[in-house]
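Below: one structure, written as structure tokens.
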Amino acid sequence: MLIAGNWKMNTNAASAVELAQGIIQESADAAAVRVAVCPPAPFLSGVRAALKGSRVRLGAQNMYWADHGAFTGEVSAQMLLSVGCHYVILGHSERRQHFGETDGGVSSKVKQAVRTGLIPIICVGERLNHRKTGKEQQVVATQVKHALEDLKKIQSPSSLVIAYEPVWAIGTGETATPEQAQTMHRFIRSLVSRQFGKNFASGLHILYGGSMKPSNAKDLLRQKDVDGGLIGGASLKSEVFGQIIHAAQEVQQG
Ligand code: 13P
């Protein structure tokens, strides 16, 4: 089980460190759960220092696929590794929606992350109109297919993570039902199985994201193919995030 907090464009240098410290405390007795935080890029170093010696891992929210060069405003995988990142969120729907990220771009980023040893948390998910017209699996299949393109050499399912984040559930307070989440997660696992085999697919972490909070976390995390959560709003308060971590711990321990 992996519980990751996507802080999006929130916090400042001081409050980011404070939040990280709170999360270390909250997760101290939840050894069965992997915990990660993804602060804004300027605070990665400060949060890394705060996380030193803890089990909480660091992730970034985006990166560019080139090694280095004239790409003003971008950060590379190597830069993220050098400040202690373990994970990088890629293809988040907010990046697709507001910054024009395409499936092709996400694919290049995923390849670069995996090549350099960063674990991409690849976000996929349909919009409301897709779900209303019954196209949700078709849309997600296309996103997954592109994101995993040309990753033939990958051996271990722990080299990447997929997050199913239905766009209509992000920041809206509306959540996919546990059944909707399970159906899509099982579908995603079947797609991965087709490409990488059954063993790989069964070892892959598939996270749910979209208004996950303490009141619904357990029901979602109990689903067979839901292996954790990618949490936005509810990751910005350590006690609230802590409650989700503890829900995951309870589910994990059966
Ligand atoms: P919320 O939990 O705020 O809905 O955000 C989910 C998300 O986008 C995580 O990446």
Side-chain angles (χ1 to χ4, degrees), residues 1-11 16 19 23 26 33-41 43-44 47 56-63 80 85-99 101 106 109-110 113 118-128 130-131 136 139-140 143-144 147 160-178 180-181 184-185 188 205-221 223 226-248:
M1 197 76 85
L2 168 64
I3 300 293
N6 175 7
W7 297 358
K8 305 191 180 182
M9 201 171 76
N10 293 294
T11 70
L19 180 55
I23 290 168
E26 293 289 339
V33 181
R34 285 186 207 174
V35 179
V37 293
C38 304
F43 312 139
L44 286 169
V47 170
V56 180
R57 287 177 167 170
L58 188 64
Q61 298 177 15
N62 185 31
M63 56 164 244
L80 297 180
C85 284
H86 203 83
Y87 298 101
V88 60
I89 297 171
L90 293 178
H92 193 281
S93 62
E94 286 151 15
R95 296 226 45 96
R96 295 177 192 256
Q97 194 175 336
H98 304 303
F99 304 100
E101 288 213 357
V106 174
K109 291 180 177 191
V110 169
L118 260 180
I119 300 173
I121 301 178
I122 305 162
C123 299
V124 297
E126 81 284 2
R127 291 165 183 274
L128 188 58
H130 297 136
R131 183 159 282 271
E136 68 272 16
V139 168
V140 168
Q143 292 171 339
V144 170
L160 57 96
V161 173
I162 294 181
Y164 170 55
E165 301 205 307
V167 177
W168 48 271
I170 295 177
T172 57
E174 206 168 315
T175 322
T177 63
Q180 285 172 324
M184 187 60 89
H185 281 230
I188 293 170
H205 276 113
I206 305 178
L207 312 183
Y208 170 80
S211 298
M212 190 185 267
K213 47 191 176 236
S215 59
N216 60 27
K218 223 188 252 177
D219 284 341
L220 287 160
L221 295 171
Q223 302 304 310
V226 177
D227 309 308
L230 182 56
I231 294 116
S235 73
L236 293 172
K237 287 214 166 78
S238 55
E239 323 80 70
V240 180
F241 193 54
Q243 287 173 41
I244 298 175
I245 294 168
H246 287 109

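Whatever order the structure lists ligands and atoms in, that order sets their numbers, starting from 1.
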Going by the atom numbers of ligand 1, which of them fall below 4.0 Å from some non-hydrogen atom of Lys8?
5 (O), 6 (C), 7 (C), 8 (O)
As an exercise, identify every atom of ligand 1 less than 4.0 angstrom from a heavy atom of Ser211.
1 (P), 2 (O), 4 (O)
Ranked by distance from atom 7 (C) of ligand 1, the top protein heavy atom is Glu165 OE2, 3.2 Å
Tell me which part of Ala169 gets within contact of ligand 1: side chain, backbone, both or neither, using heavy atoms under 4.0 Å.
backbone
Considering only non-hydrogen protein atoms, determine which one is nearest to atom 3 (O) of ligand 1 and report residue, atom name and distance to 0.1 Å.
Gly233 N, 2.8 Å
Looking at CZ of Arg127 and CD of Glu136, how far apart are the two atoms once the value is rounded to the nearest 0.5 Å?
15.0 Å
For ligand 1, which part of His92 has a heavy atom less than 4.0 Å away: the side chain, the backbone, both, or neither?
side chain
Separation of Ile231 CD1 from Leu207 CG (nearest 0.5 Å):
8.0 Å
Tell me the contacting part of Asn6 for ligand 1: side chain, backbone, both, or neither, using a 4.0 Å heavy-atom threshold, strictly below.
side chain
Roughly how far apart are Leu90 CG and Cys123 SG, rounded to 0.5 Å?
8.0 Å
Answer yes or no: is there a donor N or O on one side and an acceptor on the other, between the side chain of Gln61 and the main chain of Cys38, under 3.5 Å?
yes
Decide yes or no for Ile119 and His86: does some side-chain heavy atom of the first lie under 4.5 Å from some side-chain heavy atom of the second?
yes
To atom 4 (O) of ligand 1, the nearest of Gly232, Gly171, Ala163 on a heavy-atom basis is Gly171
Rounded to the nearest 0.5 Å, what separation is found between the CD1 atom of Ile121 and the NE2 atom of His92?
10.5 Å
Is it the case that over 12 heavy atoms from other parts of the model lie below 6.0 angstrom from the CZ atom of Arg96?
yes
Just jot down the ligand 1 atoms closer than 4.0 angstrom to any heavy atom of Gly210, in number order.
4 (O), 6 (C)
